[in-house]
Each structure stands twice: as structure tokens, then as C-alpha cells.
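First the structure, in the form of C-alpha cells, and then the observations on it.
We use all heavy atoms of the structure for the numbers below, so side chains are in, but hydrogens, waters and symmetry mates are not.
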Amino acid sequence: MTIYSRFEIGDMVIQYMPDDRQHMGMRIVPLADENRINGGKKFAVENLVQLHARGDKLPNGYGNGHTLATSASTDGMLFQRHEKQGDTIVTVLADENGRTVYHRVTARAGAKAVRVSAVFENRSDKDVTLDLLSSLNIGGITPFADGDAHGDLILHRARSMWSAEGRLQSESIENAMLERSWTGHALRICKFGQIGSMPVRDWFPFAAIEDRRNDVTWAMQLACPSSWQMEIRRKDDCLSMMASLPDEDYGHWAKTVRPGEKFETPEAYLTVGRGGVDVVSQRLLTLHRENMTRGDAELPVLFNEYCTTWGNPTHENLKRITECLRGRGIDFLVIDAGWYGTPEQGWSNCGGDWLPNETIFPYGLKGTADMIREAGMIPGLWFEAETCASQSAIRKREEYLLTRYGNVIDTDNRCFLDMRKEETHAYLDERVAGLLRKCGFGYIKIDYNDTIGVGCDDPDSPGEGLRQNMQGTLRFFRHLREAVPELYIENCASGGHRLEPSLMGVSDMASFSDAHECAEIPIIAAQLHRLILPAQSQIWAVLRAEDSLRRVNYSLINTFLGVMCLSGDVCGLSDAQWDKVNEGITFYREVSAIIRDGVSVFHGDVSESWRHPEGWQAVVRTAGDEILAVIHTFGGEHPDEIRVPAEADRILRVMCSEDNRVTLDGEWLRVQLKAPFEAVAVHLKQEKQ
């Protein structure tokens, strides 16, 4: 296969490959493995960008109805030129009608992953309606095998359900029905995605293909807060990977681009490397780190009162909580749902107006916030700003609300504000940003507890209406930081339904899940290490007065897999329980830089059931010369001792509840396991070079 040009980016190399018709494909491989490529291998070059324009011929190979890629529109896009613009490689494609695409690959020097997107420009004299435009499309997987690499390729994806986020699903290419046909005529497609305004519902926008024989894994992620799709395709010996907005068939997305106009796709993230999906997924997270607004800040300790008052955050309740937490090293005290409404109307029916309940806050919300600050903590406040409930005043003003086919989108007790409108942003600036400023809040938890569905009324399509609305949400997040300087923003959507890169990029952290007191918390938290940064993964530790010290220890060590968020019966804890909490906060402070900056490796044997977990797991996270090992047992059987690799020569601190024996044996950490549902955390250091 002829290589037109190649670019070295960090330890990767991107190769651009034309065919005899000037289609231009892209392949990415580890730089160290470039010389292992089978240079004589032939495969059909898929264009850098896949698109379908309304009215064009549809794909052959039985693809019609399954995909809009590989269409006549794509076939007409021919290579024009390469441009190097700073850190960006721009490849220009165009057809004879003036439809032009600028394919962009951007990376900083030494990058471990690249950002890929496309800009469509209509340089014709007629409207063009796009039914598909890809952010990313790469081919040539796998270039190391002589044939179709049967038995060697694994497709990795990440599932997500409410309170069960991030389950890695791995299956052979053959089991995914991506084995090539005997002639190479039939198009094989594995297509998956998410429809609606909860972009991490059912699937994360993530996929990886692993070549086990050659130890090379390709991985991609899409930064998109609305509907999206991914496709793994095959006709011949090689696979292609595509990430995009949903097409018209799948997500009712279409966009009309008028003469002279442009349209840009969401960013996709792409990487390749050795070590399997667990290692290569960490490479994608380097781009998440670039997105962080406080990348070098110390990780905070939070207290959220939701699992303490369960929606009854009165001034008196918060006064009692504040006094219990005074001087205990808590950075933020967050007031969750229930602070608004009236005595006559319950808070669950009043969301959207965001008027404090004066009965439960007799000194005003500012008086309560001032009380929290006086105790040395930064006050935070919960909102579900993009929705409104059935009895709110804003619900009656339908000009503010999203509609579909002319009807207000209503999901029982939630309607959705139209985030495309300036009037909506002005309203939210008054009711949300204005209240935060007035009362002196330094933290906001933005929750989101239902989904718009396939889309909303828009001249182009419901899917395009949804896309624009969610871009309005990103704009709202950005405005909050401008309107309230130093504000910390938490991204929550019934826990973890919005854990995708674009929303994570405008937030300081996210609620990892709505798993508040569940035994599976450490399993979920560990799985998310492949998909979001632990430094942005806020994990519940709900403490109960009746908890044993083993349970308190388990809950606290869970948070070492991310950002510590305490809740529960803090005013009823015994001295012994508080001693354990203080130990946990001290340990967390000592290892927070490892949580923030490290790279994770996974060990263990966990049952398929998370609700009734059995077995054990260990996450070993390394940053420089320091290591944090977080070990959990579950139900069922587990070994009396585990051994995990750890390149360290000194144990700095151990936290446990059962007086577990912890030793170093050469390059191995050995940890004694004594009981079900126990946790052990070990802080280690490598001092000998």
C-alpha cells in the first residue's frame, strides 16, 4: 500500500494512503511497530471523512439501512492537498460540485493521543443537506497480519446503565459478526451509540480494537454531549473505525449547509499503543488532562448533605452538620436538592424557578452560606438548571421550553428549557448565576435527571435541534465560570449519565454514579479509570452511625479511586468512627497527587454480578516514584493473600481495618486478605534509582 505522507506524533505515526482514484485514507500505528507492517497487504482505502448528502446514492453491500457511510458522497471526495498549521495537520478533500471537507488532526509535541475533527464547507451554489458527517474514520486494522487476522482481534466497548457505569464489554471480532464474507462483497457493520441528552446512557462514546497477536490496540473516544454513534466496518481483510454524530437513519440528524456556510463536527480522540485496552485507554485520558481548568490543583474533600437529610436541607440541619464538620479538613459543604419551593408545594414539583424556601431558610440562603464559610468551608448549591418541574412558574411559559412536533417535551415531571435561546440564558443568569453571586457560593452541582430523547423541533432535523440545544448547555457551563470567578462546577446526570469529554472539559469534576451506599462502588469507580480521569471522578462515601469500622474503612478507601465526597450520619458517628474518617482524610491528602497525575493498572477476579459482587480487585496507580494500591474484597471466595507488581522499595502508609499484613517482596506487593468486603490502601515509594 502506497504511503502518500507520514507524520510522527509522539510515539505514534500517522500514515496517509491514497488509492488510484485519489481517495485518501488514514492509518495510525505505534512508531516502534511501523517496520512490522505488512507492506504487501492490500485493502480498500476508506476516505478520511465519511459523509452522505441527501439525494445521493446509498452504500452497497447490503449496507442501506445499516449505515450511511461508504456512500456515493464519500466516494466523490478526492484528495486536494495537505497543510500543516502549527500543531494541526489539515487534509483537504473536495468533489466536483464544490463540496469541501477540511480534515483536522491536532496534537501537542510528544502527545499520546490526537484530536480529530472535520469541517464541511459548501462551496457550491446549492444547499447541501448532510445526513452523516464523521468526526473520525481510520482504516487498515490490522496492518500486521497477512490476511484477516482471524482469532486475533478483540472489540472493546464500555456499557453504562444507571448506577452501573463503565462495564467493559470485550468480544472477538468474529462474535461481533465482523468476520469478512467469503467474497468481501457484503459490508459487515457493528453500529452502536446513544440517542438523547444523556450521552453516557447504555454506551460510553468509546471503542477499541486490540490485535492480541501483535500487541497493538487502537482506541477512540468522542467528545459529544448529545446523540452520537460509532461504527466498526469491514469488507476485506481490514477493519475501519468511525465516530460521528448520529446519522439520519439512527438519530434523526440532518444538517442543511447553505452556499458559503461551514459545519464542524465534534472532536474525536484517537490513540494507538501496546499493552491492551487497559493501558491504551490511559493514553486517551491525556487529552482529558489537557482539558482540565485546574489540572495542577490539589484534590478537594467534599461533603454533600443529600444522604444526610435526603432532600431536607434546612438551615437548622445545615447548622448541625456544619458544627460537626468544623475543623475536620472538609473543603466544600454542598447543599443538595430541596432548598427551594414553598410550604404548600413540595420541592420536587417546583424545580426550575430556583427561589429559596424562606420557611426553611429564615436567614436567607446567604445567611446559611455565610455560616458555612465562617466554619472554614466553601458552600455549594445544587441545581437542575436545564429542566423545570410540573408546578414551576417557568413551566407555564412554553416559549422557554423545547417542543417536538409542536408539543412540549414532557417526561412526567420534567420539561426542558430551550438552551438555544438568549432569553433562556438571561433567565439562568438571573436565577442561577445571580443567586450564586448574591449568596457567595463557590461551588455548583449541576444535575440532570431525564433525557430529551431523539431531539426537538428544528428546521433541519430533531437531531440537529438536540445538538444545538446541548451546545447551549456547554455555553451555559462556560458562562457560569465567567460569571462567578473561582466557581467549582460538578457535572451530574442521575450520577454518571454525562461522563463524556466535552462536558467533563467544562467541569471540575463529575458525580461518578448514583451508587450512594452500594457494595459495588469500588467496582464502578475502578472501571471508570479507563474512561474519565480519577481526578474528576467524585465518589460517595456515605457513613452511617451503625456502620462497623470495616464498613467505614471500605467506604473511605473507595474514594481513593477518585475524589472524596462524604455524606451520611456525620453527627452520629462515634469517636472510633471519626478516628477512621480522620485517618482516611489524612491518607487521601497524602496520595491525592497520585490520584490526580497517575496511570492505573488493574488486577483481580470480579464476578459478573456487580449487585452481588464476589472476588477481589486491586487498582495500582503510579505517578513518578510514588504508588497507590487500592485493594477490595467482595463476597464469595478470595485468596488469603494477593500479589501485585509494584516497583517500590518502601511502604509509606497502610490503611486497613483488619490489621492486614502488607509486605514488599522484590518487585511485588503482597497483601493479606482476611474478610469479605474489606479494603486496604497502600502508599509506596521508589527511592532507589
Salt bridge (Lys or Arg N to Asp or Glu O under 4.0 Å), that's the test. Do Lys262 and Glu264 meet it? Break it down for me. CA-CA 7 Å; Lys262 295 180 180 179; Glu264 184 170 1; over 6 Å; no
Salt bridge or not between Arg54 and Asp131? Use side-chain N to carboxylate O under 4.0 Å. yes
As a quick check of understanding, evaluate salt bridge (Lys or Arg N to Asp or Glu O under 4.0 Å) for Arg670 and Asp665, giving each step before the final call. CA-CA 7 Å; Arg670 303 172 75 102; Asp665 179 9; 3.0 Å; yes
Stepwise side-chain contact (heavy atoms from CB on, under 4.5 Å) test for Met230 and Arg157: CA-CA 10 Å; Met230 289 184 170; Arg157 295 178 285 174; over 6 Å; no
Shortest non-hydrogen contact between Ser160 and Phe204, atoms and distance: CB-CE1, 3.6 Å
Under 3.5 Å donor-acceptor, Arg498 side chain and Ala493 backbone: no
Please determine whether side chain to side chain donor-acceptor pair (under 3.5 Å) holds for the pair His150 and Glu179, giving the CA-CA distance in whole Å, both sets of side-chain angles, and the decisive distance to 0.1 Å. CA-CA 8 Å; His150 64 279; Glu179 192 170 23; over 6 Å; no
Report yes or no: is the cationic atom of Lys255 (NZ for Lys, CZ for Arg) closer than 6.0 Å to the six-membered ring centre of Phe120, at no more than 45° off its axis? no
Inspect the surroundings of NZ in Lys84 and state if more than 12 heavy atoms from other residues, nucleotides or ligands are less than 6.0 Å away. yes
Charged tip of Arg467 within 45° of Trp253 ring normal and under 6.0 Å: no
Test item: side-chain donor near acceptor, Ser73 and His52, under 3.5 Å: no
If you count heavy atoms of other groups shown closer than 6.0 angstrom to NE2 of His603, is the number above 12? yes
Between Met241 and the options Leu136, Ile141, Asn137, Leu155, the side-chain contact (heavy atoms from CB on, under 4.5 Å) test singles out Ile141
Exactly one candidate in Asp625, Thr622, Asp649 meets side-chain hydrogen bond (donor to acceptor under 3.5 Å, both in side chains) with Gln686; the answer is Asp649
Check: His529 main-chain N/O paired with Gln282 side-chain donor or acceptor under 3.5 Å: yes
Any donor and acceptor pair, going by atom type alone, linking the side chain of Arg36 with main-chain N or O of Phe144 inside 3.5 Å? no
Pair Lys191 + Asp249: basic N to acidic O under 4.0 Å: no
A side-chain contact here means heavy atoms from C-beta on lying under 4.5 Å apart; do Met504 and Asn491 qualify? yes
Between Asp236 and Lys42, does at least one N-O distance fall below 4.0 Å, as a salt bridge requires? no
Mind checking whether His288 and Tyr269 have parallel, tilted or perpendicular rings, split at 30° and 60°? perpendicular
Go through Gln229 and Met242 one step at a time and tell me if the side-chain contact (heavy atoms from CB on, under 4.5 Å) criterion holds. CA-CA 8 Å; Gln229 70 184 43; Met242 186 185 86; 3.8 Å; yes
For Gln50 and Ser244: C-alpha separation, side-chain torsions, deciding distance, then whether side chain to side chain donor-acceptor pair (under 3.5 Å) applies. CA-CA 9 Å; Gln50 299 290 308; Ser244 70; over 6 Å; no
Does the cation-pi check pass for Arg530 over Phe206, that is, NZ or CZ under 6.0 Å from the six-membered ring centre and within 45° of its axis? no
Would the number of heavy atoms belonging to other residues, nucleotides or ligands and lying under 6.0 Å from CD of Glu647 be above 12? no
Taking side chain as C-beta onward, heavy atoms only, is Ile627 less than 4.5 Å from Lys685? no
Where do Gly139 and Ser240 come nearest, in terms of heavy atoms and distance? CA-OG, 3.8 Å
Electrostatic pair Asp75-Lys57, nearest N-O below 4.0 angstrom: no
Using 30° and 60° as the class boundaries, would you call the ring planes of His185 and Tyr62 parallel, tilted or perpendicular? perpendicular
Centroid-centroid under 6.0 Å between Phe79 and Tyr4 rings: yes
